[in-house]
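One structure is given below, encoded as structure tokens.
What you are looking at is a predicted structure, and each value in this text was computed from that prediction instead of being measured.
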Amino acid sequence: MKVYPLDSSASAVILFDYGVSNNSNFIRHTRIKILKEDGFRLGNVEIPLYHSKSLEERLINLKAITYNFDGGKIIESKPSDQGSFKEKFNLNFNIKKFAMSAVKIGSIIEYSYEISSPFISIPSWQFQQDVPTRFSEYWAMVPAYVTVKKNMQGYIPVSSYDVIGKDNYHWILQNIPAFKKEPFMTTDKDYVSKINIDVDQVNIVGSTGHISIDYMSSWTKMNKNLLTNEDFGKLVSGSNFLRDNVDQIINGVTDSTKKVIALSNYVKQTFEWDGSNDLFGESLKKVVEKKKGSSGDLNLLLGSMLDKAGFEVEMVVLSTRDHGIIRQSYPSSRQFNYSICSIKLGGKTLLLDATEKYLPYDVLPTRCLNGQGLLISKTNSKWIELSSKAKEKTFTNADFVLNDAGLLDGKINYTCDGYDAQRLRSSYFAKGEEMYSKDFLSGKQWTVVKSEFKDMKEIDKSAKIFYEINTDEHATSTGDVIYINPFVTSRLKENPFRSEKREYPVDYGNKKEEIYNCKITVPEGFLIDEIPKSKVIALPQNAAKFIYNVVRLDNAISITSNFQINKTQFIQTEYPSLREFYNQVVAIQAEQIVLKKK
């Protein structure tokens, strides 16, 4: 096979993917044909292994071979030990990684393994991947003493489904297309074809009688368990060694809001987030010693410090955007991978996160804006909206003088707020000023005369950049006529929504606003012959809005553009209107101003 007949663009095809779960053991066997260079990535295999306290899942019977056809012979290659390792993912998961060897176009890679688990668990199974799959089969052999809840998701029809006996479930899906990621999505985990399986109840009959253990009895029970969990609720209410440090940080501070800000800033500036997401935390003494930790470590640390400062702290557990939506009909802590703090202040509920140094104390990272989270509370556990008052906002103000050769000379000021300010600051401090400017200017035909960055360290202020430039990139002179595109920056050149149809909701996560003001002084001896018409376009209820205003002045032109996305999610039936909205914005911003010689 050189090309997969059902998808000629495919970089690889999964020939078969077979799985079986039986008595806490899980077996998988996979065979993949590599068709293009992009498919080489499928030779890097990752296997999650769950562990809790002293118990841990073990990977056994691993077999992996790459087959290549060379000189009329099949050549077999096995991975080297150097390409295999295990790394920590979060408090409860390690990832076993190995790399297939000798992978090239035309290779077939094949691997199988078994996971031996001390836990009562029936893994879920994902039929659809980001490359096409010819055949995917899964057996869930549920022990007689275990009951499960099952939920099939996705849009691919099941080829075969059987229940053998009472509790042996069997699925087959064939000719499964690749999952195509679309712009502005949460995660493919929410939409791929998959069978979700959760253990509901375990019933054990022994000599002492009948024992029934509810795994998914209710969110109420999970709330109670988390409050008393040594790696969660007990970290907040305990960890009394933090009191002296807290007293020093808020010494002399009487205003409650300022106390919260002081403690939030202390954790953000003193401790480094290691990039991993976790619901739980380890010993806070260890976190303090290392000055580094997961999201769970840092947010439980902040929660405990707020508790020692006299605030009533409740944690909120959630699933990040890349982890998937919460299925509220299936109470299970495994649906969550993140926790944040909640406190009452001035009659309002504040949601706090300590991982992002360059966000204000009361603004959640965009990764957390994923539907609802569960408030873990002694008195009032409930679902709460995970929304943000902040948005992506940039205001650009430009002032240029145009000469008769089409050269624009002038100044541009960027003022960034909310998530735009966070991204700017994160990149600026990670790269340094020189490298940040180099990357920002890459692809722009600008000659920079002067640049300046302001208020980069003051998180409570807008982040500002100033450039003095000249450029001939945006105007064309033919001698008697000059054509100008007034969008020296901030222009939407193409529609991000290329497909006519949309399979999944559009989810921005947060609102957006981009304002562009520009004044262009025309050269002497030229008249303003044509300017674009001012326009306002909007979707129903102002879900998205674009305001464009062009005004003639005595010897200049003033341009104002305001692009807004005012709601965070659009369902599939709203997609055609949203796509057309973008089409119109692209067309409007491409319109030119025409100057003619007197």
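In this structure, Q592 and Y483 approach most closely via the heavy-atom pair OE1-CB, 3.6 Å. Nearest heavy atoms, R425 versus M456: NE-O, 2.8 Å. Taking all atoms of both residues into account, the shortest heavy-atom contact from S319 to G324 is OG-O, 2.5 Å.
Classification of E591 and K535 as a salt-bridged pair holds, one side-chain N sitting under 4.0 Å from a carboxylate O. A salt bridge is defined here as a Lys NZ or Arg NE, NH1 or NH2 lying under 4.0 Å from an Asp or Glu carboxylate O, and K596 with D529 meets this definition. By the 4.0 Å N-to-carboxylate-O rule, E494 lies close enough to R498 to be salt-bridged with it. The pair K149-D198 does not count as a salt bridge, with every side-chain nitrogen at least 4.0 angstrom from each carboxylate oxygen. A salt bridge is absent between K512 and D420: the closest approach of a Lys/Arg side-chain nitrogen to an acidic carboxylate oxygen does not fall below 4.0 angstrom. The pair D188-K181 does not meet the salt-bridge criterion, since no charged nitrogen lies less than 4.0 angstrom from a carboxylate oxygen. For K567 and E574, the salt-bridge test passes: some basic side-chain N is under 4.0 Å from an acidic carboxylate O.
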(message) Pair Y516, F563 - check ring-ring contact (aromatic ring centres under 6.0 Å, His included), show working.
(response) CA-CA 9 Å; Y516 177 73; F563 176 87; over 10 Å; no
(message) The test is salt bridge (Lys or Arg N to Asp or Glu O under 4.0 Å); show your working for E392 and K511 and say whether it passes.
(response) CA-CA 6 Å; E392 297 176 20; K511 298 175 182 179; over 6 Å; no
(request) Applying side chain to side chain contact (heavy atoms under 4.5 Å, CB included), run through L402 and I482 and close with a yes or a no. (result) CA-CA 10 Å; L402 179 69; I482 301 176; 4.0 Å; yes
(message) With salt bridge (Lys or Arg N to Asp or Glu O under 4.0 Å) as the criterion, how do E356 and K268 come out once you've worked through the C-alpha distance, each side chain's angles and the decisive distance to 0.1 Å?
(response) CA-CA 7 Å; E356 295 291 347; K268 287 186 177 188; over 6 Å; no
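Checking each of F581, F570, F184 against F497 for a ring pair (Phe, Tyr, Trp, His ring centres under 6.0 Å) leaves exactly one that passes, namely F184. For the pairing with F179, the ring pair (Phe, Tyr, Trp, His ring centres under 6.0 Å) check across Y191, Y155, Y504 returns one residue only, Y504. Partner D130 forms a salt bridge (charged side-chain N to carboxylate O under 4.0 Å, His left out) with one of K189, R41, K180 and no other, that one being R41.
A donor-acceptor contact shorter than 3.5 Å is absent between the side chain of R491 and the backbone of V586. Q572 places a side-chain N or O within donor-acceptor distance of the main-chain N or O of E503, the cut-off being under 3.5 Å. Judged purely by atom type and a 3.5 angstrom limit, N485 uses its side chain to pair as donor or acceptor with the backbone of Q589.
By the 4.5 Å heavy-atom criterion applied to side chains, I105 and L35 are not counted as neighbours. Considering only heavy atoms from C-beta on, Q129 stays 4.5 Å or farther from S193 through its side chain. No side-chain heavy atom of L424 sits under 4.5 Å from any side-chain heavy atom of Y419. Within the 4.5 Å cutoff, the side chain of D274 has heavy atoms near those of the S294 side chain.
Sorted by first then second residue, the side chain to side chain donor-acceptor pair (under 3.5 Å) pairs that include residues 536-558, not counting sequence neighbours, are S534-N549.
Under the rule for a ring pair (Phe, Tyr, Trp, His ring centres under 6.0 Å), Y330 has no partner lying at least two apart in sequence or in another chain.
Between W446 and Y467, the ring planes lie perpendicular to each other; the angle is over 60°, past the 30° to 60° tilted range.
Taking CD from E473 and OG1 from T447, the interatomic distance works out to 10.5 Å, rounded to the nearest 0.5 Å.
Cation-pi geometry between K444 and F440 is met: the NZ or CZ atom falls under 6.0 Å from the ring centre, inside 45° of the normal.
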